[in-house]
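Below: the structure, in structure tokens.
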Amino acid sequence: MHTTQVVEFERQLAGVACTARAWAKIPAAPSAEQRSELKARVKRLLMERSAVLLAHYYVEPDIQDLAEETGGCVADSLEMARFGRAQAATTLVVAGVRFMGETAKILNPEKRVLMPDLDASCSLDLGCPAHEFSAFCDQHPERTVVVYANTSAAVKARAGWVVTSAIALDVVRHLHARGERILWAPDRHLGAYVQGRTGADMLLWHGACVVHEEFKALELEVLKKEHPRAKVLVHPESPAEVIKLADAVGSTTQIIKAAQALDADEFIVATDNGMFHKLKMLMPEKRFIEAPTAGASATCKSCAHCPWMAMNGLANLAEALETGANEIHIDPEIGRRAYRPIDRMLAFAEGSKVKVRASGDLARDGALFSNVGPA
């Protein structure tokens, strides 16, 4: 059993911003008895299949817990793929959305990559079709193409650089210092944030995350007045008006580290509410409050949770392991071309000692916050 949710998202068509629709089939929540049985089954199958589970921060708590209990990881999309490459396991199971499975396959072409549901997509990915993006790039050959990790393998293959939110500012500053003009895709809010912080000449694709775009500044100001001691943590895919109200701006990992580092015991968090499981696990003594996603009498579209992330369930996870279904396949040539801009980012990060993921040591990780807040 599942529930079908129709999702509206932004896309760019022939250079014009428009609204499109997609669907997400969200599995029904299992009973307590079914949950216990499914978790035991997944643990057994991971061992039998020599597989490792890589879960994103936004998937359901049971799957996050299973990843950590079985020697996998809970992380952002790039770290999931990097972690998978370091494992001896021959099979990677990616609980997230499709571009994450593709990134894992690009960095681990010799391994089998499975997903609970291959139709679990992303509004940023859907809103930036490869053929339209390629035509857009062809219209601006003088610009260096920089794409966010939330894109398909084919879009990455067309880029000069792939960036995550943790390193976007540093890469764009580097390119701007060399006098390069940038074509950025797909998230216009993150692009505008980077442009404002760096002063770079950036042409922005018109895309947005259905979760982060819904956060509302006016309602956030009201919530701040109700919780005057709370610090505000915001993901940079959010609108500029929301970012202006933040005490710290950063990626999923950086939000966790900011909550650990800032002197506060209450936080308003503007990102997918799947993050709250990890935040509460790491800091049970602190209170985390969801930032508002709809105004008075309004209805939210995502309600602070990605509908495609919600397509990852225990049952389809177990089925993928049992049958080998939902394997990620990428054309080898596209995979090779997509690897280059990812590798360029990793080499830049290593050469400039810029981290794309926190180590867990706050004393060493302070530099992560030099470019992400306060805003």
Side-chain angles (χ1 to χ4, degrees), residues 41-57 59 63-64 66-122 125 130 147-164 166-167 253 312 316-351 355-357:
R41 182 179 164 200
V42 168
K43 287 182 178 181
R44 173 178 58 81
L45 288 168
L46 285 168
M47 185 175 296
E48 291 177 357
R49 302 292 192 267
S50 183
V52 64
L53 177 58
L54 315 175
H56 193 269
Y57 290 120
V59 300
I63 294 178
Q64 293 188 45
L66 272 170
E68 295 194 326
E69 290 168 5
T70 58
C73 78
V74 180
D76 56 42
S77 59
L78 182 64
E79 182 60 23
M80 288 161 64
R82 295 173 67 197
F83 182 92
R85 183 164 58 174
Q87 306 306 301
T90 56
T91 298
L92 307 179
V93 186
V94 176
V97 293
R98 184 171 180 124
F99 79 81
M100 298 176 183
E102 290 186 346
T103 303
K105 185 65 177 179
I106 291 166
L107 290 181
N108 304 277
E110 76 290 352
K111 295 186 179 183
R112 183 171 68 158
V113 177
L114 305 177
M115 298 194 70
D117 194 326
L118 289 179
D119 288 324
S121 193
C122 167
D125 187 352
V147 302
Y148 192 30
N150 300 36
T151 47
S152 68
V155 166
K156 289 181 175 73
R158 187 64 176 78
W161 291 78
V162 171
V163 298
T164 66
I167 200 173
T253 296
N312 293 269
N316 55 12
L317 171 59
E319 183 179 358
L321 277 164
E322 187 82 63
T323 65
N326 302 329
E327 182 173 357
I328 290 286
H329 295 284
I330 297 176
D331 177 271
E333 178 57 26
I334 288 178
R336 282 191 289 272
R337 285 162 46 206
Y339 178 85
R340 293 173 195 146
I342 298 175
D343 186 58
R344 184 170 291 122
M345 176 191 68
L346 295 175
F348 174 84
E350 177 62 28
K355 295 183 180 180
V356 293
R357 176 168 166 79

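Note that the structure is predicted; figures quoted are calculated from it, not measured.
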Distance-only, no hydrogens or angles: does the [X] side chain make a donor-acceptor pair with backbone N or O of [Y] under 3.5 Å?
X      : Y      : result
Lys156 : Thr151 : yes
Arg158 : Ala130 : no
Glu68  : Gln64  : no
Lys111 : Gln87  : yes
Asp343 : Tyr339 : no

inquiry  = The test is side-chain contact (heavy atoms from CB on, under 4.5 Å); show your working for Asn326 and Leu114 and say whether it passes.
reply    = CA-CA 6 Å; Asn326 302 329; Leu114 305 177; 5.7 Å; no
What are the two closest heavy atoms between [X] and [Y], and how far apart are they?
X      : Y      : value
Ala120 : Gly96  : CB-O, 3.8 Å
Val113 : Gly101 : CG1-O, 3.7 Å
Val74  : Ala67  : CG2-CB, 4.0 Å
Ala153 : Glu102 : N-OE1, 2.8 Å
Pro116 : Asn312 : CG-OD1, 3.3 Å
Ala149 : Phe99  : O-CD1, 3.1 Å

Distance, nearest 0.5 Å, that separates [atom1] of [X] from [atom2] of [Y]:
X     : Y      : atom1 : atom2 : value
Leu92 : Met100 : CG    : CE    : 14.5 Å
Arg49 : Thr91  : CZ    : OG1   : 9.0 Å
Leu54 : Ile63  : CG    : CD1   : 12.5 Å
Thr90 : Arg112 : OG1   : CZ    : 7.0 Å
Glu48 : Arg41  : CD    : CZ    : 10.5 Å
Met80 : Arg85  : CE    : CZ    : 15.0 Å

Pair Glu69 + Lys43, salt bridge at N-O below 4.0 Å =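 Salt bridge present between Glu69 and Lys43.
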query = Is it true that Arg82 and Glu79 have a side-chain N and a carboxylate O under 4.0 angstrom from each other?
reply =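 A salt bridge is present here (some side-chain N lies under 4.0 Å from a carboxylate O).
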Given side chains that start at C-beta, do those of [X] and [Y] come closer than 4.5 Å, heavy atoms only?
X      : Y      : answer
Leu118 : Ile328 : yes
Thr164 : Met345 : yes
Leu53  : Leu317 : yes

query = Checking side-chain contact (heavy atoms from CB on, under 4.5 Å) for the pair Met47/Arg44: CA distance, chi angles, key distance, verdict?
reply = CA-CA 5 Å; Met47 185 175 296; Arg44 173 178 58 81; over 6 Å; no
request  = Could you go through the side-chain contact (heavy atoms from CB on, under 4.5 Å) check for Thr253 and Tyr57 one step at a time?
outcome  = CA-CA 9 Å; Thr253 296; Tyr57 290 120; 3.3 Å; yes
